[in-house]
Novice: 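Have a look at this one before I ask anything.
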Amino acid sequence: MTRTQIKSGLFLSFFIFFISFSVSALVIEDDYFGYSLDIPEGFQLTSQTDDGLSYLFTHPELPVELAIRLYINDNTTNSNEILNQTLDKLNAQKEIDSFFWNTSICSVSSFKFNLQEEKAGWSVCSPTVKNKGFVVLLCYSPASKEQACEKFIISTINSLCIEKNYHNTPGIITTYAFPAEGKKNIQLKIADKKINTSIDNADIEAAQFVIDTEYSVLKMYAKHKLWKEAWIRYYRLIYRDNYGRLNKVSSDIKNAFREMNKTGEISNFNLFMAQSILSWTQNFEYQRAKTAFESDFTSLPAVLCGTGNDCDSRSMLICVLMNSMGIDSIMLFSPEYSHAIAAIDLKEPGQTYTLKENNKNYLLGETTAKITWGMISSNHADKSKWIPVIFN
């Protein structure tokens, strides 16, 4: 298996394992091993072992299964050996490769095995930060439907998070398929100040891969009862990938604002930063997808490099920057309005959205008209038509 294949393809026991079947989606969190999964809507837990180290999820509407196997490390093995052993138990055909993800050496493989019928899919193995264990994911479908299910499978595996400090970083499959290629310098102009910063040369292509993958999954839920939850997950996974790619950009913008206020003359500094970033995004070139087969969303690395963009890309960019600066922000989208806006936790006058999860009032920010925070057009003012996306 090669990186090119990916690019073109597309405890319930004593371990205090916690699975949350929430209204929004199936979220898996393991407090003992310290990993989590944000898998597509609809998966159901169908079996588990008594030792709490193995369990199986199946999807009632798609021919896809997700198997999770946990290993307690004896300090004599590595991810490559663990994944090889796991696939050998299935007598699977495999091509294992190793790579660096976050702070660990991980392994990935495409594989095929026969269990009443031929199955095919993708698997990964990563060390866990807590308790020095390993987590193995195997996600697969009947081999005859592998091509149709591949992006769903990749999306499922790519949602793996090993530790909370690495939650908002590119996923394990994306990192393998798109290794760093070196610095790409860019210059931004915010509040009349030129800011020199950089992204990686691979960031635009890698971020687009995630958008395309998640949009393919989203389209599967177009007429599904969980369509709203699917949209929220779509934005959540894109945010995670983009946030990690903009770490240096966020830091450089934050430092530039500090330089602007080094004498402390700006009385309401948080509002100044928020309004400067909002005004900056309002001047971007407006552009939407040309066909229904592609997402409207422009990746944030591409936005920073001057690619035209729509309201949801601008709103998410604001959320990335505000959250990185310690100002809590959410995104609101409305299928009825065909629109998206940002909202921040600032106690300032204006129109707000009350988030029921924390009872906070978030100040609304419109990115496609040159207005200030707290203003929204009357034809978008019905707050019952807005759906919140919480990123933190």
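The structure presented is a predicted model; accordingly, all values stated were derived computationally and were not measured.
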Novice: Would a 4.5 Å heavy-atom cut-off, applied to side chains only, mark Glu214 and Ser155 as touching?
Specialist: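 Yes, side chains in contact.
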
Novice: Measure across Ile376 and Gln351 and return the closest heavy-atom pair with its distance rounded to 0.1 Å.
Specialist: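 Closest approach of Ile376 to Gln351, heavy atoms only: CG2-CG, 4.0 Å.
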
Novice: Looking only at non-hydrogen atoms, find the nearest pair between Gln282 and Ile371 and report the distance.
Specialist: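 Here Gln282 and Ile371 meet closest at NE2-O, 2.9 Å.
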
Novice: What is the ring orientation for Phe43 with Phe57, classed by angle as parallel under 30°, tilted 30 to 60°, or perpendicular over 60°?
Specialist: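 Geometry flag for Phe57 against Phe43: perpendicular rings.
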
Novice: Is there a side-chain contact between Val210 and Phe297 (heavy atoms, below 4.5 Å)?
Specialist: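 The answer is no, as the side chains (C-beta and beyond) never meet within the 4.5 Å cut-off.
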
Novice: Looking at Asn361, is its backbone amide N or carbonyl O close enough to the side chain of Thr354 to form a donor-acceptor pair, meaning the two atoms are under 3.5 Å apart?
Specialist: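 Between the backbone of Asn361 and the side chain of Thr354 there is no qualifying donor-acceptor contact (under 3.5 Å).
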
Novice: I need the Tyr140 OH to Thr156 OG1 distance, nearest 0.5 Å.
Specialist: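 Going from OH on Tyr140 over to OG1 on Thr156, the span is 12.5 Å.
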
Novice: Can you check whether Ile253 reaches Thr197 side chain to side chain, under 4.5 Å on heavy atoms?
Specialist: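 Contact flag for Ile253/Thr197 side chains = no.
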
Novice: Give the minimum heavy-atom separation between Ile211 and Ile238, together with the two atoms involved.
Specialist: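 Here Ile211 and Ile238 meet closest at CG1-CD1, 4.0 Å.
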
Novice: With a 6.0 Å cut-off (strictly less than), is the heavy-atom count around NZ of Lys254, excluding the residue itself, greater than 12?
Specialist: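 Check passes, neighbour count above 12.
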
Novice: Can you tell me how far CG of Leu304 sits from CG of Leu300, rounded to the nearest 0.5 angstrom?
Specialist: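 Leu300 CG to Leu304 CG: 6.5 Å, rounded to 0.5 Å.
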
Novice: Can you measure from CG (Asn358) to CD1 (Ile330) and round to the nearest 0.5 angstrom?
Specialist: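 Separation between the atoms: 8.0 Å.
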
Novice: Please name the pair of heavy atoms, one in Pro60 and one in Gln44, separated by the smallest distance, quoted to 0.1 Å.
Specialist: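 Where Pro60 meets Gln44 most closely, the heavy atoms are CG-NE2, 3.9 Å.
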
Novice: Given the rule that I, L, V, M, F, W and Y join up when any side-chain heavy atoms are under 4.5 Å apart, are Tyr353 and Trp373 in one cluster?
Specialist: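 No, because Tyr353 and Trp373 fall into different hydrophobic clusters, even though each may have its own neighbours under 4.5 Å.
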
Novice: Throw together a table of side-chain donor-acceptor distances under 3.5 angstrom for residues 337-344, partners on residues two or more places apart or in other chains.
Specialist:
{"residue": "Tyr337", "atom": "OH", "partner": "Asp382", "partner atom": "N", "Å": "3.3"}
{"residue": "His339", "atom": "NE2", "partner": "Glu366", "partner atom": "OE1", "Å": "2.8"}
{"residue": "His339", "atom": "NE2", "partner": "Glu366", "partner atom": "OE2", "Å": "3.0"}

Novice: Distance only, no hydrogens: is a donor on one side chain within 3.5 Å (strictly under) of an acceptor on the other, for Gln275 and Thr372?
Specialist: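 No, Thr372 and Gln275 have no side-chain donor paired with an acceptor closer than 3.5 Å.
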
Novice: Looking at CG of Leu363 and OG1 of Thr352, how far apart are the two atoms once the value is rounded to the nearest 0.5 Å?
Specialist: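 It is 7.5 Å, given to the nearest 0.5 Å.
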
Novice: Taking the side chain as everything from C-beta on, heavy atoms only, tell me whether Ser79 gets closer than 4.5 Å to Ser126.
Specialist: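 Sidechains of Ser126 and Ser79: no contact.
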
Novice: Quick one about Glu150 and Trp122 (side-chain donor to acceptor, distance below 3.5 Å, no hydrogens or angles considered), yes or no?
Specialist: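 Present: a donor and an acceptor within the cut-off.
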
Novice: Is a donor from one side chain sitting under 3.5 angstrom from an acceptor on the other, for Tyr71 and Thr86?
Specialist: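 A donor-acceptor contact under 3.5 Å links the two side chains.
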
Novice: Using side-chain heavy atoms (C-beta onward) and a distance below 4.5 Å, is Phe33 in contact with Ile162?
Specialist: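 No, too far: nothing below the 4.5 Å cut-off.
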
Novice: Fit a plane to each ring of Tyr234 and Tyr215, take the angle between them on a 0 to 90° scale, and name the class: parallel (under 30°), tilted (30 to 60°) or perpendicular (over 60°).
Specialist: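 Ring orientation, 0 to 90° scale: tilted.
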
Novice: If the threshold is 4.0 Å, N to carboxylate O, is there a salt bridge linking Asp345 and Lys347?
Specialist: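 Result for this pair is yes, salt bridge flagged.
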
Novice: Is the number of heavy atoms from other residues, nucleotides or ligands within 6.0 Å of NZ (Lys112) greater than 12?
Specialist: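 12 or below, so no.
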
Novice: Is the shortest side-chain heavy-atom distance between Thr368 and Tyr286 below 4.5 Å?
Specialist: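 Result yes, sub-4.5 Å side-chain heavy-atom pair found.
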
Novice: In Å, rounded to the nearest 0.5 Å, how long is the span from CG of Asn309 to OG of Ser299?
Specialist: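 Rounded to the nearest 0.5 Å, the CG-OG separation comes out at 10.0 Å.
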
Novice: What's the shortest heavy-atom distance between Asn270 and Leu346, and which atoms?
Specialist: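 Smallest interatomic distance, heavy atoms only, reads CB-CD2, 4.0 Å.
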
Novice: Determine whether Met316 and Leu364 fall in the same hydrophobic cluster, where Ile, Leu, Val, Met, Phe, Trp and Tyr are linked whenever their side-chain heavy atoms lie under 4.5 Å apart.
Specialist: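 No; tracing contacts between hydrophobic side chains, which count when under 4.5 Å, never links both residues.
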
Novice: Which atom names give the shortest non-hydrogen contact between Ser159 and Arg233, and what distance separates them?
Specialist: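 Nearest pair, atom of Ser159 first, then Arg233: CB-NH2, 4.1 Å.
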
Novice: Knowing that exactly one of Gln208, Glu181, Arg245 qualifies, which makes a side-chain contact (heavy atoms from CB on, under 4.5 Å) with Asp203?
Specialist: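 So, applying the side-chain contact (heavy atoms from CB on, under 4.5 Å) to Asp203 and each of Gln208, Glu181, Arg245, only Arg245 qualifies.
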
Novice: Output the distance between atom CZ (Phe284) and atom SG (Cys311), rounded to the nearest 0.5 Å.
Specialist: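 Answer rounded to 0.5 Å: 13.5 Å.
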
Novice: Check whether any side-chain heavy atom of Asn242 lies under 4.5 Å from a side-chain heavy atom of Pro301, and answer yes or no.
Specialist: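 Answer yes - side chains close enough.
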
Novice: Should Val136 and Leu83 count as side-chain neighbours, where that means a heavy-atom distance under 4.5 Å?
Specialist: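 SC-SC contact between Val136 and Leu83 confirmed.
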
Novice: Considering residues, nucleotides and ligands other than Lys164, do more than 12 of their heavy atoms fall under 6.0 Å from its NZ?
Specialist: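 It does not: Lys164 NZ has 12 such atoms or fewer within range.
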
Novice: Quick one: do the Glu163 and Asn102 side chains pair a donor with an acceptor below 3.5 Å?
Specialist: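 No, no side-chain donor-acceptor pair sits under 3.5 Å.
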
Novice: Any chance the rings of Phe391 and Tyr243 have centres within less than 6.0 Å?
Specialist: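 For Phe391 and Tyr243, the ring centres are not under 6.0 Å apart.
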
Novice: Considering residues, nucleotides and ligands other than Lys145, do more than 12 of their heavy atoms fall under 6.0 Å from its NZ?
Specialist: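 Counting other residues, nucleotides and ligands, NZ of Lys145 stays at 12 neighbours or fewer.
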
